Amino acid sequence: ADTCFTREQLQALLGPFTDPSYDCTYGFQWNILKKKNFADRLMSFMIGTEWLNLNLSIAKWIWGGAFALRRTTYERLDIHSYWSRRAVDDISLVPLLKKHKARICFVPTVINEQHQGVTSTKKAILWFKRQYLYLKLYTYPVWLLGVIVFTFYFGRLWILPLLIGGAALF
């Protein structure tokens with residue numbers, strides 16, 4: 001895992017399992033600006049975009065490095081075998097869990113701050129592209145929603161100067 005949790009966060013992540021109807025729990029990791037350079041800010045923005053995308057959808061999601069599976073669910077769904085045919089562990093589980101109507105619980109106290117600085121803008125962009133390719137591969141409708149949200153957000157940023165510039169011509 002790429003996230004370190006406190007004992008309290010681990011207990012909170014496992015807490016919902018006292019209700020036998022829950023199959024999976026998850027938290028989220030957030031990038032805290034370490035270097036405060038453009039790449040760091042871009043990475044924080046992109047993680048925020050992922051957070052928005054995950055929370056705009058009606059489905060429950062799993063975020064890597066911050067989820068737990070009930071052992072009986074792991075065995076019943078033969079997740080070991082399932083993962084052997086997947087490129088990524090977290091988002092690839094979503095279709096399987098949805099297919100089996102698994103109950104997933106978000107644990108808000110397990111939002112972890114990540115203090116790893118991003119070394120370059122190129123690496124930040126490659127990370128983001130990889131994340132959205134995973135969404136496209138495993139959950140196409142959510143990927144499409146992300147594209148729409150991203151296009152709407154950036155489209156407004158790009159069209160505003162054009163509108164202002166165009167208005168100046170008239």
Side-chain angles (χ1 to χ4, degrees), residues 1-120 123-135 137-139 142-143 145-146:
D2 53 359
T3 307
C4 295
F5 293 103
T6 65
R7 177 179 297 255
E8 292 78 21
Q9 287 175 311
L10 286 173
Q11 288 172 337
L13 191 63
L14 298 176
F17 289 139
T18 58
D19 178 343
S21 68
Y22 283 113
D23 296 291
C24 181
T25 61
Y26 73 101
F28 192 80
Q29 66 184 26
W30 196 268
N31 192 45
I32 302 300
L33 299 176
K34 184 176 183 178
K35 297 178 183 176
K36 297 185 180 171
N37 58 18
F38 180 75
D40 233 13
R41 293 175 197 280
L42 181 63
M43 186 71 167
S44 287
F45 168 77
M46 291 185 297
I47 289 174
T49 302
E50 287 241 347
W51 172 259
L52 178 68
N53 194 25
L54 296 178
N55 286 291
L56 279 179
S57 66
I58 57 172
K60 296 283 186 162
W61 293 99
I62 303 171
W63 182 261
F67 73 93
L69 283 167
R70 183 179 295 278
R71 183 182 183 105
T72 54
T73 303
Y74 180 86
E75 292 168 350
R76 178 173 48 89
L77 302 181
D78 193 18
I79 290 173
H80 176 76
S81 174
Y82 183 79
W83 273 339
S84 71
R85 300 179 311 274
R86 302 296 180 271
V88 64
D89 62 350
D90 50 6
I91 199 72
S92 71
L93 271 182
V94 173
L96 180 68
L97 293 173
K98 284 178 73 172
K99 177 181 174 184
H100 291 277
K101 296 183 173 47
R103 283 196 66 204
I104 302 171
C105 178
F106 173 62
V107 184
T109 55
V110 186
I111 295 180
N112 202 27
E113 298 172 346
Q114 172 183 311
H115 294 275
Q116 308 174 76
V118 180
T119 57
S120 72
K123 286 185 178 181
I125 291 170
L126 287 174
W127 174 87
F128 190 65
K129 284 171 64 176
R130 187 177 67 245
Q131 297 302 309
Y132 268 82
L133 284 175
Y134 292 149
L135 282 175
L137 180 61
Y138 296 113
T139 56
V142 175
W143 171 81
L145 176 64

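Here the structure is a predicted model, which is why all the values come from computation and not from measurement.
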Taking all non-hydrogen atoms of both residues into account, name the closest pair between [X] and [Y] and its distance.
{"X": "Tyr22", "Y": "Pro16", "result": "CD1-O, 3.4 Å"}
{"X": "Ala124", "Y": "Ala39", "result": "CB-O, 4.1 Å"}
{"X": "Arg70", "Y": "Pro20", "result": "NH2-CA, 3.6 Å"}
{"X": "Tyr74", "Y": "His80", "result": "OH-CB, 3.2 Å"}
{"X": "Leu14", "Y": "Ala68", "result": "CD2-CB, 4.0 Å"}
{"X": "Pro95", "Y": "Tyr138", "result": "CG-O, 3.1 Å"}

Is there a side-chain contact between [X] and [Y] in this structure, where contact means two heavy atoms from C-beta onward sitting under 4.5 Å apart?
{"X": "Arg103", "Y": "Asp19", "answer": "yes"}
{"X": "Trp83", "Y": "Leu93", "answer": "yes"}
{"X": "Cys24", "Y": "Thr73", "answer": "no"}
{"X": "Ile104", "Y": "Tyr26", "answer": "yes"}
{"X": "Asp90", "Y": "Phe67", "answer": "yes"}

Sequence-distant partners of Ala102, side chain to side chain contact (heavy atoms under 4.5 Å, CB included), two or more places apart: Asp23, Leu97
message: The criterion is side chain to side chain contact (heavy atoms under 4.5 Å, CB included); which residues satisfy it with Leu10, sequence neighbours excluded?
response: Phe5
message: Counting only heavy atoms not in Arg71 (residues, nucleotides, ligands), do more than 12 fall under 6.0 Å from its CZ?
response: no
task: Taking Thr25 for its side chain and Leu13 for its backbone only, find out whether a donor-acceptor pair lies under 3.5 Å.
output: yes
task: Please round to the nearest 0.5 Å and tell me the distance separating atom NZ of Lys129 and atom CD1 of Ile125.
output: 8.0 Å
